[in-house]
Amino acid sequence: HHSRPCPACVLIARSNEHRPPVLRPRPSLPLRLGGCWASTHCEVRPAVLFLTRLFTFHGHSRSWEGIYRHFSDPACRQPTFTVHAAGHYSRGTPSARVRGGTELVFQVTEAHVTPMDQATTAMLNFSEPSSCGGPGAWSVGTERDVTATNGCLPLGIRLPHVEYELFKMEQDPQGQSLLFIGQRPTDGSSPDTPEKRPTSYQAPLVFCGGEAGNLSRPLQRRPPLQKPPSGGGPCLPVAPLPLLLLVLGLAFLWWL
Ligand SMILES: *[C@@H]1O[C@H](CO)[C@@H](O)[C@H](O)[C@H]1NC(C)=O
Ligand SMILES: *[C@@H]1O[C@H](CO)[C@@H](O)[C@H](O)[C@H]1NC(C)=O
């Protein structure tokens, strides 16, 4: 029924439960990280963490920064806190275990935290100052540097941190570049040893612009996914404070 030849459709049509189709792998592109990459939708991680990611990679200095916006609901409408992290990454080497994948090592050396709701702000206010950002009050929407306190324990942020990563790039049918970053371990830990390096990928990020000049600039930029999701899904209630604290207390923050 296809006007144009569709080799994959033919393979699928001829397959059955006992003879699954063997599709040709899509060619992966050489890894060109330089520039800005954003989530296309609200993403979910174990321990009920909903987030969107926005990364900028600076190819010349091999430095990177990531902005992780966390939400309490699966539609990413109720912000809880934002983390702005930065560090360096290694030169990539082809993966021996995953065809088409590139292995990299990421360091996280700096982090800033912005509480975005009353519950998270109150929790940070009540936490031990030496565990997150030092003395001083937190207020909704105000960013604080947590690098000097080696991260922010109440939010599961520990610095400095190293992650062993697997990346690949592809092009979608419209010619848009996609960046796949390794899946997180399902046990809630982080890939902090070479043995725990991912062998599969998270949902891809889309390219959102060329190599940006400065660290502070992408902070102001809103990723494409910030437009309100269309279609009236169920309106989920905001998590009550004890639940949120439980979730945050148990949650480990995963980088990348
Ligand atoms: C955080 O602490 C400051 C100073 O003690 C206070 O003014 C503010 O209301 C607190 N915020 C929350 C959400 O508890
Ligand atoms: C980028 O930041 C550096 C300092 O880190 C500054 O010297 C430079 O002028 C900035 N460039 C732009 C385009 O803002």
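Sequence positions, counted from 1, serve as the residue numbers for this chain.
- Ion pairing of E165 with R184 is present here, as a side-chain N (NZ or NE/NH1/NH2) and a carboxylate O approach within less than 4.0 Å.
- For the side-chain contact (heavy atoms from CB on, under 4.5 Å) with T121, the qualifying choice from T114, T80, V140 is V140, the only one to do so.
- Checked against the 6.0 Å centroid threshold, F106 and F167 count as a close aromatic pair.
- Side-chain atoms of T149 come within 3.5 Å of backbone N or O of G133 as a donor-acceptor pair.
- Listed for the T147 side chain is a donor-acceptor partner under 3.5 Å among the backbone atoms of A111.
- Using a 4.5 Å heavy-atom cutoff, the side chains of L124 and T120 are in contact.
- Between Q176 and V206, the shortest heavy-atom distance links the atoms NE2-CG1, 3.8 Å.
- Put simply, the side chain of V108 does not reach to within 4.5 Å of the side chain of P160, judged on heavy atoms.
- A donor-acceptor contact closer than 3.5 angstrom links the side chains of H161 and E163.
- Side-chain contact check for T82 versus V113: every heavy-atom pair is 4.5 Å or farther apart.
- To the nearest 0.5 Å, atoms CZ (F57) and CZ (R62) are separated by 13.5 Å.
- A 4.5 Å side-chain heavy-atom check between C42 and P74 finds every atom pair outside the cut-off.
- If you chain together hydrophobic residues whose side chains sit under 4.5 Å apart, V44 and F71 fall into the same group.
- Note that CG of L179 and CG of L205 are 5.5 Å apart. Values are rounded to the nearest 0.5 Å.
- Taken from CG in L153 to OG in S127, the straight-line distance is 9.0 Å, to the nearest 0.5 Å.
- Ring planes of F55 and Y68: perpendicular class, angle over 60° (limits at 30 and 60°).
- Closest of all the heavy-atom pairs between S61 and H88 is O-CD2, 3.5 Å.
- Taken from CD in Q183 to OG in S200, the straight-line distance is 5.0 Å, to the nearest 0.5 Å.
- Proximity of a side-chain donor or acceptor of S39 to a complementary backbone N or O of R53 within less than 3.5 Å is detected.
- The distance from the NE2 atom of H112 to the OG1 atom of T142 is 13.0 Å, given to the nearest 0.5 Å.
- The two residues E43 and Q202 come nearest to each other via the heavy atoms OE1-OE1, 4.5 Å.
- In this structure, V83 and V146 have side chains that are not in contact, with every pair of non-hydrogen atoms separated by 4.5 Å or more.
- Looking only at distances, a side-chain donor or acceptor of S90 sits under 3.5 Å from a matching main-chain atom of V105.
- Using a 4.5 Å cut-off on side-chain heavy atoms (C-beta onward), S95 and L166 make contact.
- Side chains of L33 and Y89 form a contact here, defined as non-hydrogen atoms less than 4.5 Å apart.
- Distance CG/L159 to OG1/T109: 7.5 Å, rounded to 0.5 Å.
- Checked by atom type and distance alone, the side chain of S131 pairs as donor or acceptor with a backbone atom of E128 at under 3.5 Å.
- W37 is listed as a side-chain neighbour of M169, based on a closest heavy-atom distance under 4.5 Å.
- Figure legend: R144 and W138 shown as a cation-pi pair, the cationic atom lying under 6.0 angstrom from the six-membered ring centre and within 45 degrees of its axis.
- A salt bridge links E170 to K168: at least one charged side-chain nitrogen sits closer than 4.0 Å to a carboxylate oxygen.
- Of all heavy-atom pairs spanning L51 and R45, the tightest one is CD2-CG, 3.7 Å.
- Closest approach of L49 to H70, counting heavy atoms only: CD2-CD2, 3.9 Å.
- Of all heavy-atom pairs spanning A137 and N125, the tightest one is CA-OD1, 3.6 Å.
- By the criterion of side-chain heavy atoms lying less than 4.5 angstrom apart, applied directly or through intervening Ile, Leu, Val, Met, Phe, Trp or Tyr residues, Y164 is not grouped with Y201; the two fall into different hydrophobic clusters.
- For the side-chain contact (heavy atoms from CB on, under 4.5 Å) test with P185, the passing option among P198, S190, P191 is P191; the others fail.
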